[in-house]
**Q** 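If you scroll down you'll find the structure; I have some questions about it.
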Amino acid sequence: MSQETWKAVDDYIAAKLLSADPVLEAAMRACDEAGLPAISVTPAQGKLLHLLARMQQARRILEVGTLGGYSTLWLARALPAGGRVVTLELEPKHAGVAAANFARAGISDRIDLRIGPAADSLARLVDEKGEPFDLVFIDADKPSTADYFRLALKLSRPGTVIIVDNVVRNGAVVDAGSTDASVQGIRRFNDAVSVEPRVTATAIQTVGAKGYDGFALLLVTEAPAKAGI
Ligand code: SAH
Ligand code: DHB
Ligand code: MG
């Protein structure tokens with residue numbers, strides 16, 4: 001199987017199952033035109049995030065890593081009236097593109113975009129002692145993923161769903177000796193999850209228009225997770 005096939009199947013899935021969406025398409029175009037890196041989730045992955053948020057009946061969503069807001073828009077569209085996405089972005093340029101995309105989509109009022117290092121924004125959210133989040137999507141700098149996971153746990157409740165992007169990295173995740181800081185970051189994240197009794201987790205490998213990668217899916221549990229579940 002080749003990248004060409006994965007892309008063709010992603011296009012087929014999008015054409016068949018995802019209705020044409022001018023707002024999301026305009027957002028993706030704006031990301032490209034602004035020269036942002038082409039690392040947004042794919043349409044099929046965005047729809048997955050959207051469906052998971054709806055299945056979870058999420059009212060409060062936290063995203064770490066906004067880029068141009070493409071995944072944010074998919075998540076925000078899953079919110080019921082009065083729901084909110086808090087999304088964290090380091091780069092003012094990325095945040096500017098995202099803010100324009102949110103305004104064009106007419107849903108800026110549902111999105112709280114915070115600019116700065118995510119670790120600082122997360123610490124501030126912990127200090128704010130707001131309601132816990134129902135769903136968290138972690139998709140920023142990979143070396144810090146374990147730190148974002150620990151902070152996200154502080155902002156969670158039993159039943160919170162945590163999704164982490166890019167946990168397979170073309171298969172490199174199995175290379176314990178990798179010199180890639182992102183790979184080592186994902187490995188540290190998996191180590192942290194493996195010894196964290198308050199979550200139960202899996203990871204799913206994916207192929208598609210953006211290559212071979214994967215998502216981790218975690219559920220925050222009330223009691224320490226039982227072995228094997
Ligand atoms: N979730 C987006 C893609 C995010 S790409 C989507 O699918 O549409 C990763 C983003 O994380 C980039 O915009 C990058 O600037 C941001 N980032 C990198 N380091 C960060 C940090 N320390 N704090 C917050 N954001 C960071
Ligand atoms: C990279 C980051 C991402 O969030 C992604 O989905 C793909 C690639 C990267 O930094 O290379
Ligand atoms: Mg990603």
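Numbering of ligands and ligand atoms starts at 1, following listing order.
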**Q** Looking at every heavy atom in both Ala216 and Phe189, which two are closest together, and how far apart are they?
**A** CB-CE2, 4.0 Å
**Q** Mind listing the N or O contacts between ligand 2 and protein, cut-off under 3.5 Å?
**A**
residue  : atom  : partner : partner atom : Å
ligand 2 : 4 (O) : Asp139  : OD1          : 2.7
ligand 2 : 4 (O) : Lys142  : NZ           : 3.1
ligand 2 : 4 (O) : Asn166  : OD1          : 2.8
ligand 2 : 6 (O) : Ile39   : O            : 3.3
ligand 2 : 6 (O) : Asp165  : OD2          : 3.2
ligand 2 : 6 (O) : Asn166  : OD1          : 3.0
ligand 2 : 6 (O) : Asn166  : ND2          : 2.8

**Q** If you compare all heavy atoms of Val41 against all heavy atoms of Ser71, which two are closest, and at what distance to 0.1 Å?
**A** CG2-CB, 3.8 Å
**Q** Looking only at side-chain N and O atoms, does Asn190 offer a donor or acceptor that is under 3.5 Å from a partner on Arg187?
**A** no
**Q** Under 4.5 Å between side-chain heavy atoms, counting indirect links through other Ile/Leu/Val/Met/Phe/Trp/Tyr residues: same cluster for Ile115 and Ile111 or not?
**A** no
**Q** For the Mg ion (ligand 3), how many protein N, O or S atoms lie at less than 2.8 Å?
**A** 3
**Q** Grab the two heavy atoms, one from Arg84 and one from Asp109, that are nearest each other, plus how far apart they are.
**A** NH1-O, 2.7 Å
**Q** Could Lys47 and Asp21 be called an ion pair, given the rule that one side-chain N must be under 4.0 Å from one carboxylate O?
**A** no
**Q** Among Asn166, Val183, Val167, exactly one meets side chain to side chain contact (heavy atoms under 4.5 Å, CB included) together with Lys142. Which residue is that?
**A** Asn166
**Q** How would you list, by chain and number, every residue that makes a side chain to side chain donor-acceptor pair (under 3.5 Å) with Asp10, sequence neighbours excluded?
**A** none
**Q** Nearest 0.5 Å, what's the CD-NZ distance between Gln3 and Lys210?
**A** 10.5 Å
**Q** I would like to know whether Asp141 and Tyr148 meet side-chain contact (heavy atoms from CB on, under 4.5 Å); could you show each step before the answer?
**A** CA-CA 10 Å; Asp141 50 318; Tyr148 300 153; 2.6 Å; yes
**Q** Would you mind reporting whether Leu125 and Arg114 have side-chain heavy atoms less than 4.5 Å apart?
**A** yes
**Q** Using a 4.0 angstrom limit on heavy atoms, which residues are close to ligand 1?
**A** Ile39, Ser40, Val41, Glu63, Gly65, Thr66, Leu67, Tyr70, Ser71, Glu89, Leu90, Glu91, His94, Gly116, Pro117, Ala118, Phe137, Asp139, Ala140, Asp141, Tyr148
